[in-house]
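Please read all numbers here as calculations on a predicted model, not as lab measurements.
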Amino acid sequence: MMQAPVQNNLPVRLLLVSLASLLVAFHLGLIFSGLTPNLVSRPIHMALALPWILIIGAKAQAGSLLYRSAGWLLCALGMGACFYIAYNQSVLGDQYGSLEGTFQIAVAMTLLTVVLEAARRAIGWPLPIVAFLALLYGLFGQYIPGEFGHSGTPLTSFLGTLTIAEGGLWGSLTGVSVSVVAIFVIFGAVLNAGEAGQGFMNVAAAAAGRLKGGGAKVSVISSALFGSISGSASANVASTGAITLPAMTRLGYPKRLAAAVEAVASSGGQIMPPLMGAGAFVMVELTGTPYTAIITAALLPALLYFFAVWIGIDAYATKFDLSGIAKEDRPPAKDVLVTSAFFLIPFSVLLWGMFIASFTPQYAASLAILAGGLLLLVNRQFSIKPSQIVVRLEKALNTAATQVSMIASIILCASIIIGVLSITGLGVKITSLILSGSGGLLWPSLLLTALACLVLGMEVPTTAAYVICVSVAGPALIQSGLEPLQAHLFVFWFALISTITPPVCGAVFIAAGMIGEDWLKVAVTAMALGIGLYIIPLGMIANPDLIALGERPFGAVASALQVGLGLALISYGMIAAFRSPVRVLLIAAGLAVIFIRVFIDA
């Protein structure tokens, strides 16, 4: 996740805060002001995000004069094109996705170019390259022989559908970024600018610090709490790791284990409700399932993931004789109580708004933002320091703007791909390929999809990898017999495993760099600790009740206990200091427990 820019120059700081305030106010204003046309809100969302990527972002600042000048030019052209769409939305709506005249074609090409470059500067080459290849396919696919060609689409209609209608850049995915993801990102930024972050650490230390392997277990709990609102494995490692990694090192943890614990625990933030790395909100749009139903379904699998990590830490603690945190190093009960209030109050407002007042998730989150904003005015000593308030507000606004903009760049770029798949029918053809390659059987389809998710997720952020994979493989899984939510959760989990799986494992790279250990050693340890990330999505398919907590709570809990037992056996078999025959027996027994229903049905 991109970091908020740090500036010492007062005029520059004021400018950044002004831009960030405008972005935050716009998104909150959309929630409280009622309906705004999509061709107004979504282009303005992009326009407000562009400066943070093309001008303010780290890559833009580190580039040459020519590179920075190109950023300014692209930002100006892109914002102008966005405001042109917003200003003329009623006229463009009557064109039904068909461009008229050279000027509109130039606007369309400008928008697509700027989106590709913004995504490249934000997250690197892979996703923009996939989007560019998708555009080439849309433009020239009629010249491809055989079933993977298409009949061709007029240029004005193809570009128009992507840029002046709600079938490309301004489609439903961008709508999720505007109205939901941005709000929850702002919520996370507000919480982490104040005492809530320390509150997470204090609660974790009080709950687990005294236990065997307590230093690692503190990392697990704090990362679960922090990750549930940050939704980014990289941001989680950088934030909680700055505290937990030195603490584990002082307690005598091997460096590879300490870094692996932090990487694995932090990766769990993207599957932990309520935010799930923006995946929950994208899932709402793609499945039509209510947000509350999705986070309810995702809860038990997420808890099982952290349970498996916890069991793995126990096994390592026995192996390396790792003690807990000394009593004098654990926070006093008063500090735990006071600092925990800084995240419990906003979370309580959020939960009250969603589950009791029955507000929409984004409206409830907006109320929680206001509560969290008020808490920025006081510190844990209940004193008000104006200079501290200014720093906190600046941090909250800049972090929110930076992270909203990065997610916007990802979703806008992914929307190009989804738009081309829809216009050309390529998604249906890939679905047919998966079905034919698997012989129409469910488990081969799952394995093919998992492989595709792993490969794509190594180069593309989790949410974008999920969107692309589920667009092409989701229909095949559903046709093979899965419920839509099952298929989407399966794809989302496997889009995440690249955070700890070589050769590209972002969370591992960051944690290894912070502690000064060889990343490959950390990755091997992380894969053993994070075994649940590979097993649980398959367990959801073998035990459908696992994600049915809302409909069949007793069945869901029973399935969770079954999968949890299997994970414990597998984790101990992989990590604990047993002889090889015992290891194999434990792992086999664990797999049998989890997949017994599949064996019986077979």
Side-chain angles (χ1 to χ4, degrees), residues 19-20 22-31 33-56 71-101 103-119 121-122 128 131 135 156 158-183 185 281-282 285 362 401 404-420 422:
L19 287 173
L22 182 61
L23 184 146
V24 170
F26 169 75
H27 288 91
L28 288 175
L30 288 177
I31 304 301
S33 64
L35 295 176
T36 302
N38 292 334
L39 285 182
V40 173
S41 61
R42 296 172 189 180
I44 293 178
H45 172 67
M46 174 177 162
L48 294 175
L50 287 178
W52 294 90
I53 304 295
L54 296 174
I55 298 175
I56 303 168
W72 278 90
L73 178 61
L74 286 172
C75 184
L77 291 173
M79 291 181 73
C82 288
F83 287 124
Y84 170 81
I85 300 292
Y87 183 76
N88 295 285
Q89 60 89 19
S90 59
V91 175
L92 295 175
D94 293 335
Q95 294 180 204
Y96 301 103
S98 181
L99 299 175
E100 295 179 357
F103 178 75
Q104 287 192 357
I105 293 176
V107 168
M109 294 179 69
T110 296
L111 285 169
L112 293 172
T113 302
V114 169
V115 166
L116 292 174
E117 175 61 9
R121 292 194 182 202
L135 288 172
T156 54
F158 177 72
L159 294 179
T161 302
L162 291 176
T163 57
I164 67 168
E166 295 178 31
L169 294 181
W170 321 127
S172 57
L173 280 181
T174 304
V176 173
S177 179
V178 174
S179 61
V180 185
V181 175
I183 300 302
V185 169
F281 311 116
V282 176
E285 185 62 39
Q362 55 266 44
V404 166
S405 300
M406 192 207 67
I407 292 175
S409 70
I410 294 170
I411 288 183
L412 284 162
C413 194
S415 294
I416 295 176
I417 301 167
I418 304 307
V420 172
S422 175

### Summary
Taken in chain and number order and not counting sequence neighbours, the residues that satisfy side-chain hydrogen bond (donor to acceptor under 3.5 Å, both in side chains) with E166 are N38
### Task
Give a yes or no on whether the backbone of T113 and the side-chain of E117 come within a donor-acceptor separation of less than 3.5 Å.
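Not a single qualifying donor-acceptor pair exists.
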### Query
Do side-chain atoms of S409 reach the backbone of M406 as a donor and acceptor pair under 3.5 angstrom?
yes
Would you say [X] and [Y] make side-chain contact, with heavy atoms under 4.5 Å?
X: L92; Y: Q95; value: yes
X: M46; Y: V114; value: yes
X: I416; Y: L116; value: yes
X: V107; Y: T163; value: no
X: C82; Y: L111; value: yes

Indicate the atoms forming the closest heavy-atom contact of [X] with [Y], along with that distance.
X: A122; Y: I53; result: CB-CD1, 4.0 Å
X: R121; Y: L54; result: NH1-O, 3.2 Å
X: I183; Y: I31; result: CD1-CG1, 3.7 Å
X: H45; Y: S177; result: NE2-OG, 2.9 Å
X: L99; Y: A108; result: CD1-CB, 3.8 Å
X: L169; Y: S415; result: CA-CB, 4.2 Å

#### Entry: Residues forming a ring pair (Phe, Tyr, Trp, His ring centres under 6.0 Å) with Y84, sequence neighbours excluded
F103
### Neighbour count above 12 (heavy atom, 6.0 Å) for F83 CZ
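For F83, atom CZ is crowded (more than 12 foreign heavy atoms under 6.0 Å).
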### Rounded distance (nearest 0.5 Å) linking atom CD1 of I418 with atom CD1 of I411
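Reported value, rounded in 0.5 Å steps: 11.0 Å.
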